[in-house]
**Q** 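Pasting a structure below so you can have a look.
Just so we're on the same page: letters track the sequence lines, and every chain starts at 1. All values below come from the heavy atoms of this structure, side chains included, with hydrogens, waters and symmetry mates left out.
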Amino acid sequence: MILSVSDLDFRYGGHQVLGNVDFRLEGGELLAILGPNGVGKTTLLKCINAIHAPSSGAVLVEDRNVLRMRPHEIALTIGYVAQRSDSARLTVFDAVLMGRKPHVKWKVADHDLKIVDSAIRHLHMEHLALRYIDQLSGGELQKVAIARAMVQEPRLLLLDEPTSSLDLKSQVDILNMLRHIITEHHLGAIMTMHDLNTALRYADKVLFLKNGRIHSTGPACQVTPEVVEEVYGLPVDIHNVSGRLMVVPAA
Amino acid sequence: MHFADGQVPEEYRRYVGRKAALIGVSAVALVLCLMAAISLGAAGLPLSAVAKSLAGLDVPRRVDAIVWNIRLPQALAAIMAGAALSVSGAAMQSILRNPLGSPFTLGISHAAAFGAALSVMTLGGGVMASSQGDAVNITDPWLTTAVAFAFSLAAAGVIIGVSRLRGATPEVMVLTGVALGALFTAGTMFLQYFADDVQLAAMVFWTFGDTARASWAEVGIISAATVLCSAYFIANSWNYNAIDAGDETAKGLGVRVERVRMVGMLLASLLTAFVIAFLGIIGFVGLVVPHMVRRVIGSDHRFLIPASLLLGGLLLLLSDTVARLILAPHVLPVSVLTAFMGAPVFIYLIIRGQKR
């Protein structure tokens with residue numbers, strides 16, 4: 001098992017944001033966290049990699065308690081792709097190289113440069129390697145953020161709405177690429193999403209949050225219209241189109 | 001994860017090599033300009049005589065006296081002050097993720113000016129002594145320096161204290177700094193209103209940044225602070241790169257963002273306080289030089305910080321030399337020249353930046 005989250009609570013200013021969150025994730029699995037705006041999806045990701053300190057509960061990655069690790073150790077275990085990444089005047093190669101920070105003691109070694117080169121090739125960005133990242137499109141920038149998390153060589157990837165601001169082709173490119181990385185490297189991965197159809201197509205499992213608590217969780221292929229209506233307050237139909245589930249608002 | 005198929009791209013090696021070469025060229029240019037700056041002045045000295053004197057070889061006593069007692073301390077003060085202000089500006093701009101980050105936009109220089117005015121007005125402290133003949137000279141410059149330094153640190157302390165209360169975000173730091181700047185400016189104006197004409201002259205003279213105030217003791221203190229703080233900033237280059245990518249990304253890479261921000265802010269303020277307290281206010285170097293360097297070498301702090309250090313030193317040395325010569329036999333305080341040069345250069349950089 002890659003990840004085990006047990007009885008996680010998070011309070012902010014006296015207000016309970018997350019309560020009794022409890023789930024598991026195996027290697028090679030992609031979990032989509034779904035739910036309405038403000039329900040605590042991003043907060044849950046930040047609690048898993050200890051950017052926020054949970055009020056109680058435990059987060060174990062391969063049986064090691066993340067909440068007792070130093071930030072440096074967490075970065076060696078968990079790769080985090082934030083919702084927004086700023087674009088300083090760095091080249092793509094240097095921006096990805098930053099992901100080696102947790103591994104580099106004092107000086108960047110050839111080994112680190114080779115890993116960065118390999119990750120850039122994996123994402124088919126070799127032609128962009130020396131371009132400044134403030135000259136990239138949104139999709140290319142997102143690939144850089146994912147490559148940066150990959151070169152951390154983590155066991156778990158956390159992605160906060162990785163496709164929210166991208167056009168359709170970029171969304172499909174990035175999600176196919178993520179699916180490939182997760183399977184090839186047998187990683188655990190969690191992404192927060194708003195698009196139910198994309199989640200059902202790419203995720204192995206889904207977890208619905210409602211009012212900061214888990215409403216339901218299970219295989220993506222078993223999502224029912226009743227669950228979606230209870231979580232979002234909107235009646236939907238779920239159709240099977242050529243073996244793929246499609247969620248559409250009920251007529 | 002396994003990445004077995006990677007190579008070290010030759011193109012990237014060349015790219016990094018070019019940046020390292022630029023830093024090397026700047027270092028060589030700085031040494032050459034130092035020699036030229038020492039040789040130029042009211043009493044011209046041949047470069048060969050300067051080189052011999054610096055190497056400890058036999059030269060006329062007059063040459064040694066000019067080089068070692070007057071021009072070398074002033075030139076080194078200019079280099080160290082330029083380097084210190086520039087590297088502090090680069091660090092602050094990164095820590096605060098704000099292109100206007102500099103000791104002057106954060107109220108630290110205003111606090112120093114207030115401290116100096118208070119010393120002159122109430123503690124009987126005097127105006128700095130200066131090696132320039134037409135400078136105002138009054139007793140006890142160390143008292144003024146000490147009070148200016150204390151107020152600079154107090155301003156930094158307030159910024160850091162508020163940040164601890166409200167979270168070390170760039171917004172909290174910048175807004176606190178702006179508020180402090182306004183407060184200390186009002187305090188200085190209040191003191192100036194009630195000062196007599198001698199005190200007023202002393203207060204105003206203190207605010208002119210002037211490298212000629214530095215003796216070997218001041219050069220030694222500023223140099224030690226510059227070397228130590230710069231070493232810290234260089235050691236944290238990766239952290240600043242990560243913070244540039246956003247606080248959350250940086251935290252995901254294992255950076256203790258709040259701590260890096262607090263310590264960086266404290267050291268940048270401390271370094272600035274040393275320069276301002278000893279030499280007065282020298283504007284625009286801390287703001288403009290990091291922006292100039294960014295355009296040439298990019299935002300990678302592994303190169304930006306050393307390059308800012310060298311170019312800041314070089315720019316202030318050149319400005320100081322021009323300020324000594326341009327109206328000879330009168331000598332302009334270098335801060336007048338940096339302000340005249342800095343503003344147009346900054347506007348030029350803004351226009352260039354928008355066209356890109």
Side-chain angles (χ1 to χ4, degrees), chain A residues 46 49-51 70-76 78-91 93-95 97-102 104 106 108 110-111 113-122 126 129-130 132-134 145 148-155 158 160 181 184-185 187, chain B residues 1-16 18-19 90 93-94 97-99 167 170 231 234-260 290-291 293-304 353 356:
Chain A
K46 289 182 181 175
N49 75 342
I51 289 179
R70 290 177 298 158
H72 169 80
E73 292 175 289
I74 297 173
L76 290 169
I78 301 175
Y80 178 58
V81 178
Q83 208 170 106
R84 281 175 48 193
S85 191
D86 289 5
S87 51
R89 200 164 163 71
L90 288 179
T91 63
F93 198 96
D94 287 322
L97 182 60
M98 217 189 320
R100 294 299 297 166
K101 184 190 170 300
V104 173
W106 182 245
V108 176
D110 279 0
H111 171 68
L113 299 176
K114 285 177 182 174
I115 286 175
V116 170
D117 179 62
S118 176
I120 287 175
R121 284 173 198 277
H122 265 70
E126 48 269 50
L130 291 185
Y132 284 108
I133 58 172
D134 58 1
R148 182 163 54 216
M150 279 169 63
V151 302
Q152 285 176 244
E153 298 184 273
R155 295 300 302 138
L158 305 178
D160 196 1
I181 292 167
E184 186 185 357
H185 297 283
L187 301 180
Chain B
M1 285 194 188
H2 304 286
F3 300 97
D5 58 336
Q7 304 292 321
V8 181
E10 270 311 305
E11 215 179 336
Y12 181 73
R13 276 204 197 284
R14 282 198 295 275
Y15 166 80
V16 170
R18 281 198 299 274
K19 290 189 176 196
Q93 285 164 18
S94 171
R97 292 172 61 203
N98 187 322
I234 288 170
N236 276 274
S237 299
W238 282 85
N239 289 338
Y240 298 145
N241 281 349
I243 289 174
D244 262 358
D247 283 8
E248 288 173 9
T249 299
K251 286 176 183 173
L253 291 168
V255 179
R256 294 176 195 266
V257 173
E258 283 82 10
R259 183 190 291 182
V260 168
H291 285 290
V293 175
R294 253 188 211 99
R295 292 206 62 87
V296 178
I297 215 161
S299 298
D300 187 340
H301 288 81
R302 291 174 300 156
F303 304 104
L304 174 66
R356 182 164 55 83

**Q** What's the separation between atom OG1 in A:Thr91 and atom CG in B:Asp300, rounded to the nearest 0.5 Å?
**A** 7.5 Å

**Q** Between B:Gly298 and A:Tyr132, what is the shortest heavy-atom contact and its length?
**A** CA-OH, 4.3 Å

**Q** Quick one: does A:Leu130's side chain get under 4.5 Å of B:Tyr12's, heavy atoms only?
**A** yes

**Q** With a 4.5 Å cut-off on heavy-atom pairs, point out which of A:Val104, A:Asn49, A:Ile120, A:Ile51 contacts chain B the most.
**A** A:Ile51

**Q** Taking the side chain as C-beta and beyond, is there a heavy-atom pair between B:Leu253 and A:Arg148 under 4.5 Å?
**A** yes

**Q** With heavy-atom distances below 4.5 Å as the criterion, would you say the side chains of B:Arg302 and A:Val108 are in contact?
**A** yes

**Q** Between A:Lys46 and B:Glu248, is there a side-chain heavy-atom distance shorter than 4.5 Å?
**A** yes

**Q** Check A:Ala75 against B:Gly254 and note the closest heavy-atom contact, atom names and distance.
**A** CB-N, 3.6 Å

**Q** Below 4.5 Å, heavy atoms only, C-beta onward: do A:Met98 and B:Thr249 meet side chain to side chain?
**A** no

**Q** What part of B:Arg13 is in contact with chain A, defined as an atom under 4.5 angstrom from a non-hydrogen atom: side chain, backbone, both or neither?
**A** side chain

**Q** Please find the pair of heavy atoms, one from A:Tyr80 and one from B:Gly252, that lie closest to each other, and give the distance.
**A** CB-CA, 4.3 Å

**Q** With respect to chain B, which residue among A:Leu76, A:Asp110, A:Ile78 yields the maximal number of heavy-atom pairs within a distance under 4.5 Å?
**A** A:Asp110

**Q** Is there a side-chain contact (heavy atoms from CB on, under 4.5 Å) between A:Asp94 and B:Phe303 once you walk through the steps?
**A** CA-CA 12 Å; A:Asp94 287 322; B:Phe303 304 104; 5.5 Å; no

**Q** Donor-acceptor pair, A:Asp117 side chain versus B:Gln7 backbone, under 3.5 Å?
**A** yes

